[in-house]
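It should be emphasised that the depicted structure is a prediction, and the values quoted were computed from it without experimental measurement. Numbering of residues begins at 1 and proceeds along the displayed sequence. In each ligand, atom 1 is the first atom listed, and ligand 1 is the first ligand listed.
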Amino acid sequence: MAVLGEKIEAIYQQVKARNPGEEEFHQAVKEVLESLGPVLVKYPDFAEQRIIERICEPERQIIFRVPWQDDKGQVQINRGFRVEFNSALGPYKGGIRFHPSVYLGIIKFLGFEQIFKNALTGMPIGGGKGGSDFDPKGKSSNEIMRFCQSFMTELARHLGEHTDVPAGDIGVGGREIGYMFGQYKRITNRYESGVLTGKGIGWGGSLVRTEATGYGTVFFVREMLKARKNSLEGKTCVVSGSGNVAIYTIEKLNQLGAKVIACSDSNGIIVHEKGIDLALVKTLKEVERRRIADYASYHKDAKYIAGGNIWEVPCEIAFPSATQNEINGKDAKTLVKNGCIAVGEGANMPTTPEGVKVFLDAKIAYGPGKAANAGGVATSALEMQQNASRDSWSFEFTEKKLDEIMTGIHATAWETAEEFGASGNYVLGANIGGFIKVARAMVAHGLI
Ligand code: NDP
């Protein structure tokens, strides 16, 4: 990684001192700051206005108690978060994560990344993120509902279609969005469709939103390969995770002629050389909410490796689609050694800084999450557009828009990298491309 210039290093040290112990947030900030040196040279007013310092400080951070009752009648307490990071380009926008690992540092890293990702989409949305340390695993549907209702009872006062618009993330899918929307409607006495995205079809949701992050990541990788006069056709791929992003990454890869031979969950990996049976994964994960280990009992030629490392499965293209820091330096070296030519990050910050360096040094096509997985939030913005005009678009029309947006994000990241003398470096291209859009709006809005 590049060394930070003196001024930027001082900003980074201040961020660390002001946000002690929030390692994921420090990592996300450092990665962006490392790209910004040349921007301050080209746009001195950004330095005068202290735009970087202001961008690193969330506009508002909300932390709250979430009390709920389990099926045994026992009282449980969790902690809820919403970080409203930046509203220069539009209402705060970003998902809600339910996972036991959630704490302020995770929500801040995600919210920070979201600012630049959302700017890259070209849609009028600011950056935010929320969540709770609630663990949905093993909970009944009634427990999930009671938790979501309690979570929204407090969060509702901070939201609004023009203020802050959450969506799903790890542990939060259509079911949870439904429970939260119902509670918001009950508390506010308003049918405010645009206050949450990822809603069900038939009550304000958009076609393609469920598929959008996975499909969008594949479109981004298709563009990276096109820029290298290559294609997805016939490529062997590995996709980590088996949740929303992983499932629809596999679906689009299959449609575009690639073959996915492995996927995973947090307990282990499935390797199926014939090609992953997507219909089975959907049934196990989306309908029956079971573990990926069960896949092997339906296909005798598939192998389940408990605790296995998916990055050791040789592939041409890797799609990390589970969680942050899932590819370390050693994994990245293994991937490159085994002939990996491209990485499309469906997850947020799935590669450690050491891993990113390996990919950049090897000059493979490396699409960082804030560019590659922006299709989810972009389609959320399309959902907001449909809600505002009380309209609903066809699947084909919406998917075409998603494709155009992803192609546009690729072009912005590619061209920005060229302009700043780092040809093919999508990390630099995405960071600078997103930053400039937000910085210009912040300067225009004055000191607020
Ligand atoms: P889901 O909850 O649907 O699926 C997450 C998957 O990743 C599951 O298979 C889960 O396995 C696995 N996983 C989660 N945490 C860990 C962990 N600590 N170690 C190993 N595996 C883990 O979430 P999504 O598919 O929605 O999100 C996946 C990633 O994509 C996240 O980084 C998210 O921020 C990012 N993303 C999601 C968007 C969306 O629209 N949903 C948009 C943009 C980015 P298990 O069931 O065992 O926990």
- Message: In terms of relative ring orientation, are H272 and H299 parallel, tilted or perpendicular, with 30° and 60° separating the classes?
- Response: tilted
So, 4.0 Å and heavy atoms of [X]: is ligand 1 close enough to count as a contact?
X	value
H99	yes
K137	yes
M349	no

Check this for me - ligand 1, [X], N or O atoms closer than 3.5 angstrom, yes or no?
X	value
S266	yes
K285	no
S242	yes
N373	no

- Less than 4.0 Å between atom 17 (C) of ligand 1 and some protein heavy atom, yes or no? yes
Could you check whether [Y] and [X] have their ring centres less than 6.0 Å apart?
X	Y	value
Y191	F181	yes
Y366	Y426	no
F151	F98	yes

- Message: If we set the cut-off at 4.0 Å for heavy atoms, which region of N244 has an atom near ligand 1: side chain, backbone, both, or neither?
- Response: both
- Query: Using a heavy-atom cut-off of under 4.0 Å, does the side chain or the backbone of R97 touch ligand 1, or both, or neither?
  - Reply: side chain
- Q74/D70 under side-chain hydrogen bond (donor to acceptor under 3.5 Å, both in side chains): CA gap, chis, key distance, verdict: CA-CA 5 Å; Q74 308 264 335; D70 66 19; 5.8 Å; no
- Message: Closer than 4.0 angstrom, basic N to acidic O: yes or no for K252 and D403?
- Response: no
- Query: For ligand 1, which atoms have a heavy atom of S321 less than 4.0 angstrom away?
  - Reply: 28 (C), 29 (C)
- Query: Is there a donor in the side chain of K285 and an acceptor in the side chain of N244, or the other way round, less than 3.5 Å apart?
  - Reply: no
